[in-house]
Every structure is written in C-alpha cells, then in structure tokens.
Amino acid sequence: MSAPAGVLVVGASAAGIATADALRRKGYRDSLTLLGAESHLPYDRPPLSKQVLSGTWEAERVRLRSPEKLAELDADIILGDPAVGLDPATRTVRTASGRVLTAGTIVVATGLRPRTLPGQDGLTGVHVLRTVDDSLALRSALLSATQVVVVGDGVLGTEIAATARGMGADVTLVGPQPVPMASQFGTLVGGLLGELHAERGVRLRLGTAVEGLTGRDGRVTGVRLDTGDELPADVVVVALGAAPATEWLAESGLRLDNGLVCDSRCRAAEGIYSAGDVARWQHDALGVSLRLENRTNATMQANAVAANILGEDQAYSPVPHFWTDQYDTKIQVHGLPTAAAEATIVDGDPADGRFVAMYRRGGAAVGVLGWNMPKQTRLRRGEVVEALSAPAT
Ligand SMILES: Cc1cc2nc3c(=O)[nH]c(=O)nc-3n(C[C@H](O)[C@H](O)[C@H](O)COP(=O)(O)OP(=O)(O)OC[C@H]3O[C@@H](n4cnc5c(N)ncnc54)[C@H](O)[C@@H]3O)c2cc1C
C-alpha cells in the first residue's frame, strides 16, 4: 500500500499558517489541509492583550492573512472542528464533527490552553485571555469595571494590568513572585517592571498566592489570598500561564511531557512534526529540550518544520526572541535570560527609562534585554549568538 500524500496541519494560527506558507514558498505543490478548532479566520494573538484590549485596533486587524491571501495558499481550510484523536501509524486525525483526515505528514500546531482557578467557570466576571473572543469580552467588562484584580505576575498578567490601567481601571496585580516576571527577567529588571506598574497606579500584591475566588449569586466578588486577605473585585483576570493543547493526543502513543516531545528536527515520530507553543524539541546548540511560548518562535519553527518535511534535514537551534509592550515601554529579549543568570546594565540608564541588560552565567552571555533601546539591544545580540553557537558542553 502506498503512503498517503499531502500535509495536514492541525492548528490554524500563527505556527500553522506559517507552516503552510513556508511549504508553498519552498515549492511544495501537493495537497495541504489546515484544520482549526476556532471558527474565526486565522488571527494573531499579541495584539489581544494590547491594541485590541485597549480598543486602539478593531478586531479584524489581527487577521494573519486576508481571505485572498488565504485562497492563494491553495489549501483546504477547515475551521471550527477540533481534532480529537491521532493515529500515528496510519497518520489519521479524527475531528469532533466526525471527519477522518489522513495525510502523509501531520504537523501539530495546537498551541496552549489557559490555566484556570478552581471554581472560576461557574462565576461571571472572571476572565482568561487567549482568543479574540476572550479579548473582546474582557474589554467590554473593563469598560464598566469598578475594581479589577489580575491574578498572575508573568508576561500576560503584567501586559493586561498595563492595558487595563491605561483604560483607566482600578487595577491590582497579584502573584507569588517577589517582583513581576522574576522567573524570566530576574529581580533587577523585574524590580524595575514592578516600579513602572506602581508609578502608573497599579497596586501590587506580590509574594502572595491566590487561594481562590469569592462570589455571590454566580458573580465574582473578590480574590482570596493565602494571607487571609480578600481583595474585592467585580472583574478578575486569571493569567496563570497556559498548558500545551495536547489532550487530543492522549491516546496517540506520542510522547507528551509539557508539550509534544520532538527531536532536533521538530519531529515527534515518522511523518509527524510540531511547531509553535505546543512543541517541545531538542535544541542542539543549547543542549536542552525546550518549549517556547512566543510569536517569533511560532514562525521560525514553522519554517524549520516545512524545511524538514521537504527533506532539508535541519536542526532547529534558534536564538530565542520575544517582546512585550507595557505602557510606553517596549522590552525586547534575545536569548534566554533567567533568574539564575547575573544581570548587569551595559547601556543606558533605568532612571532615563532606557537601558540594555546583559545576562551572563559562568561568564557566558545567555541573554540580552532591551528596555526602550531596540537598536542597542540588537547590537548586543551578537554576543549572545556567539555564546549560543559555541558547542554545548
Ligand atoms: C494575549 C496574548 C498576547 C501575547 N503577546 C505576545 C507578545 O507580545 N510577544 C510574543 O512574542 N508573544 C506573545 N504572545 C504569544 C504568541 O501569541 C504565541 O506564542 C503564538 O500565538 C503561538 O502560536 P501557535 O500557532 O503555536 O499557537 P496558538 O496561537 O495558540 O494557535 C493554536 C491554534 O490551534 C487551535 N487548536 C487547539 N487545539 C486544537 C485541536 N484539537 N484541533 C484543531 N485546532 C486546535 C487553537 O484554537 C488555536 O487557534 C501572546 C499570546 C497571547 C495569548
């Protein structure tokens, strides 16, 4: 029996669309199917916590491709029908509506699902932010909110706090870390981020875990902290991170470990690849198994997957890059700065609201972070690239 032809991409968002695009750009002419759980045309997520939430952009502006550009992909695009199972041996995907799709190659690009707090589903006024519908619902709630509590001191929680505050809301940011984004940026830059939020009028309740939500008549009334305090709220945003959307792969026999586990070619099994937030792959240059949740990786990894599907046999070893915009501060990050690395300011001055911080471990540059200094940050990136290109020990 000959192997089935074609590529089926599961997940029709940043990584999925970029995979399809890259395949066509590289000359792939066989059949291509994109399967997505959402009913919307493929759209981008970073503006959902910024321009769409603040109302600066209409929601249509986040579309990743116009209908004309999508048509040019010459792909069968199936939306609003989540995959519910995958059989790697026959490369068959089953969907919620009962479709059975078989392809020579399958790409898993199903992203993440937000984590929730126990009991939040039964309460109105509690929000998560992952989809365009989430963003519009939160925007509408913020417009009439009296007291907003954002639970989560990571990148999404801090962005939402900044945008909500920019809309004039009364905002409290709660989280277990000593300063916002401490695990990603360390205490030096995380401390400066905390100061920025405090200056703009966000109340910080950090170093505090959330025990649960309080409610009355099906509506949220507040957030209960482990200190015993209760923060009153009529809008609560739960931004506690997200888990890889792999539940539909539970019976597949593929290795799942905080993501779909892949080799250095982003291949989970013969004929099965993965890209974007859901993929955990072997980063050869760093010598670690990595999963990245950022927009740049979704595109770059999709390009690598397309190349490997077409036989280029490339290890995917990028220098990670992400950005976050909070108020008028634009933060750019290259490499992997972590709390364990030592951060020093190498350009600019935090007092002027512009600086570059270099992160080193054992003397080697592991990451560089720019705060309103994109050009200087790019210039410093070379040192990180060089260190990452050195063979892993
Ligand atoms: C609010 C917000 C703001 C962000 N801001 C930034 C930023 O400033 N900078 C930055 O670098 N990154 C940012 N990110 C992260 C960035 O958007 C993600 O890294 C990127 O969207 C990942 O793309 P993806 O295609 O892997 O996953 P996703 O964009 O999550 O797409 C996965 C798609 O797969 C679909 N799907 C899930 N399960 C199934 C299934 N069983 N069958 C079919 N389809 C399925 C989902 O519905 C979704 O449409 C932000 C993310 C969010 C949510």
Side-chain angles (χ1 to χ4, degrees), residues 8-21 33-54 62 64 77-86 93-97 99 101 106-115 127-136 138-139 150 152 154-160 162-163 181 184 237 239 241-250 252 259-260 266 274-281 291-302 305 320-326 329-334:
L8 166 63
V9 181
V10 186
S13 188
I17 287 284
T19 306
D21 244 4
T33 304
L34 270 161
L35 174 70
E38 295 181 78
S39 305
H40 297 287
L41 287 178
Y43 62 88
D44 213 4
R45 286 173 217 276
L48 302 183
S49 51
K50 309 171 189 79
Q51 297 92 336
V52 174
L53 189 59
S54 68
V62 295
L64 281 165
I77 302 179
I78 304 166
L79 299 174
D81 193 10
V84 293
L86 165 65
V93 167
R94 284 177 300 106
T95 74
S97 78
R99 282 188 172 94
L101 303 166
I106 292 173
V107 180
V108 174
T110 46
L112 307 174
R113 278 197 209 308
R115 294 208 174 85
H127 295 255
V128 293
L129 178 47
R130 184 77 196 168
T131 67
V132 67
D133 296 325
D134 293 340
S135 179
L136 294 173
L138 177 57
R139 172 170 170 70
V150 179
V155 62
L156 190 57
T158 49
E159 283 193 359
I160 294 168
T163 305
M181 297 191 70
Q184 280 137 308
V237 190
T246 52
E247 64 292 336
W248 65 284
L249 298 171
S252 68
L260 175 57
C266 310
S274 187
D277 288 5
V278 71
R280 166 172 296 284
W281 88 104
R291 190 173 65 73
L292 294 175
E293 297 180 4
N294 69 57
R295 185 61 185 82
T296 312
N297 181 63
T299 303
M300 293 201 314
Q301 194 164 24
V305 163
H321 165 65
F322 89 96
W323 77 91
T324 173
D325 300 341
Q326 306 191 14
T329 297
K330 293 189 182 307
I331 298 175
Q332 309 273 337
V333 180
H334 300 275

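Remember, it's 1-based here, ligands and their atoms both numbered in the order they're listed. Nothing fancy with the numbering, it's 1 onward along the sequence.
- For the side-chain contact (heavy atoms from CB on, under 4.5 Å) with Thr110, the qualifying choice from Leu249, Val10, Asp277 is Val10, the only one to do so.
- Note that OG1 of Thr163 and CD of Gln51 are 8.5 Å apart. Values are rounded to the nearest 0.5 Å.
- Distances between N or O atoms of Lys50 and those of ligand 1 include at least one value under 3.5 Å.
- Here the protein heavy atom with the shortest distance to atom 26 (O) of ligand 1 is Asp277 N, 2.9 Å.
- Checked against a 3.5 angstrom limit, the closest N/O atoms of Asp81 and ligand 1 fall outside it.
- In summary, the atoms of ligand 1 found under 4.0 Å from a heavy atom of Phe322, numbered by their order in the structure, are 11 (O).
- The pair Arg45-Glu38 meets the salt-bridge criterion, since a charged nitrogen lies less than 4.0 angstrom from a carboxylate oxygen.
- Neither the backbone nor the side chain of Asp44 comes within 4.0 Å of ligand 1, counting heavy atoms alone.
- Scanning the protein heavy atoms around atom 25 (O) of ligand 1, the nearest turns out to be Ala15 N, 2.8 Å.
- With respect to Arg139 and Asp134, no salt bridge is recorded, no charged nitrogen being found less than 4.0 Å from a carboxylate O.
- For atom 46 (C) of ligand 1, the nearest non-hydrogen atom of the protein is Glu38 OE2, 3.9 Å.
- Of the listed options Gly16, Gly111, Ser39, Gly111 places a heavy atom closest to atom 27 (O) of ligand 1.
- Set against the non-hydrogen atoms of Val10, the atoms of ligand 1 under 4.0 Å away are 42 (N), 43 (C).
- The single protein non-hydrogen atom nearest to atom 1 (C) of ligand 1 is Leu156 CD1, 3.5 Å, given as residue, atom name and distance.
- Annotation: the span from Gln301 atom CD to Arg291 atom CZ amounts to 10.5 Å, rounded to 0.5 Å.
- Rounding to the nearest 0.5 angstrom, the gap separating the CG atom in Leu48 from the CG atom in Leu136 is 8.0 Å.
- Look at His321 and you'll find every heavy atom at least 4.0 Å from all atoms of ligand 1.
- When only non-hydrogen protein atoms are considered, atom 30 (O) of ligand 1 lies nearest to Arg130 NH2, 2.7 Å.
- Ligand 1 has an N or O atom lying under 3.5 Å from an N or O atom of Arg295, backbone or side chain.
- Among Pro46, Ser13, Ala14, Ala275, the residue whose heavy atom lies closest to atom 4 (C) of ligand 1 is Pro46.
- Atoms of ligand 1 found under 4.0 Å from any heavy atom of Ala37 (numbered from 1 in listed order, with element): 36 (N), 39 (C), 43 (C), 44 (N), 45 (C), 47 (O).
- Using a distance-only test at 3.5 Å, with no hydrogens or angles considered, a donor-acceptor pair links the side chain of Tyr43 to the main chain of Val132.
- Proximity to Gly276 (heavy-atom distance under 4.0 Å) selects the following atoms of ligand 1: 26 (O).
- Salt-bridge check for Arg99 with Asp81: passed, with a basic side-chain N closer than 4.0 Å to an acidic carboxylate O.
- Ranking protein heavy atoms by distance to atom 3 (C) of ligand 1, first place goes to Ser49 OG, 3.3 Å.
- For Ser49, the side-chain hydrogen bond (donor to acceptor under 3.5 Å, both in side chains) test picks out Glu159, with sequence neighbours left out.
- Within the model, atoms CG of Asn294 and NE2 of His321 stand 7.5 Å from one another, a figure rounded to the nearest 0.5 Å.
- Taking atom 9 (N) of ligand 1 as the reference point, the nearest protein heavy-atom neighbour is Trp323 O, 2.9 Å.
- Close contacts between ligand 1 and Trp248 involve ligand atoms 41 (N) [criterion: under 4.0 Å to a heavy atom].
- The distance from the CG atom of Leu35 to the CD1 atom of Ile78 is 5.5 Å, given to the nearest 0.5 Å.
- Of the N or O atoms in Pro82, none lie within a sub-3.5 Å distance of an N or O in ligand 1.
- You'll find the side chain of Phe322 stays beyond 4.5 Å of the side chain of Asn297, heavy atoms only.
- Using a 4.0 Å cutoff on heavy atoms, Glu247 does not count as a contact of ligand 1.
- For a threshold of 3.5 Å applied to N or O pairs, the pair formed by Ala83 and ligand 1 contains at least one separation below that value.
- A donor-acceptor contact shorter than 3.5 Å links the side chain of Ser274 to the backbone of Val108.
- Among protein heavy atoms, the minimum distance from atom 39 (C) of ligand 1 is reached at Thr110 CG2, 3.4 Å.
- For ligand 1, the atoms lying closer than 4.0 Å to a non-hydrogen atom of Ala109 are 32 (C), 33 (C), 34 (O).
- When the heavy atoms of His40, Arg113, Glu293 are ranked by distance to atom 38 (N) of ligand 1, first place goes to Arg113.
- Within ligand 1, the atoms closer than 4.0 Å to a non-hydrogen atom of Asn294 are 11 (O), 12 (N), 19 (O), numbered from 1 in the order shown.
- In this structure, CD1 on Ile77 lies 9.5 Å from OG1 on Thr33, to the nearest 0.5 angstrom.
- Near Leu35, with a cut-off below 4.0 Å to any heavy atom, the atoms of ligand 1 are 43 (C), 44 (N).
- Using a cut-off of 4.0 Å between Lys/Arg side-chain N and Asp/Glu carboxylate O, Lys50 and Asp325 are scored as not salt-bridged.
- Scanning for side-chain hydrogen bond (donor to acceptor under 3.5 Å, both in side chains) contacts around Ser39 gives an empty result, with sequence neighbours left out.
- Ranked by closest heavy atom to atom 28 (P) of ligand 1, the top entry among Glu159, Arg45, Gln301 is Arg45.
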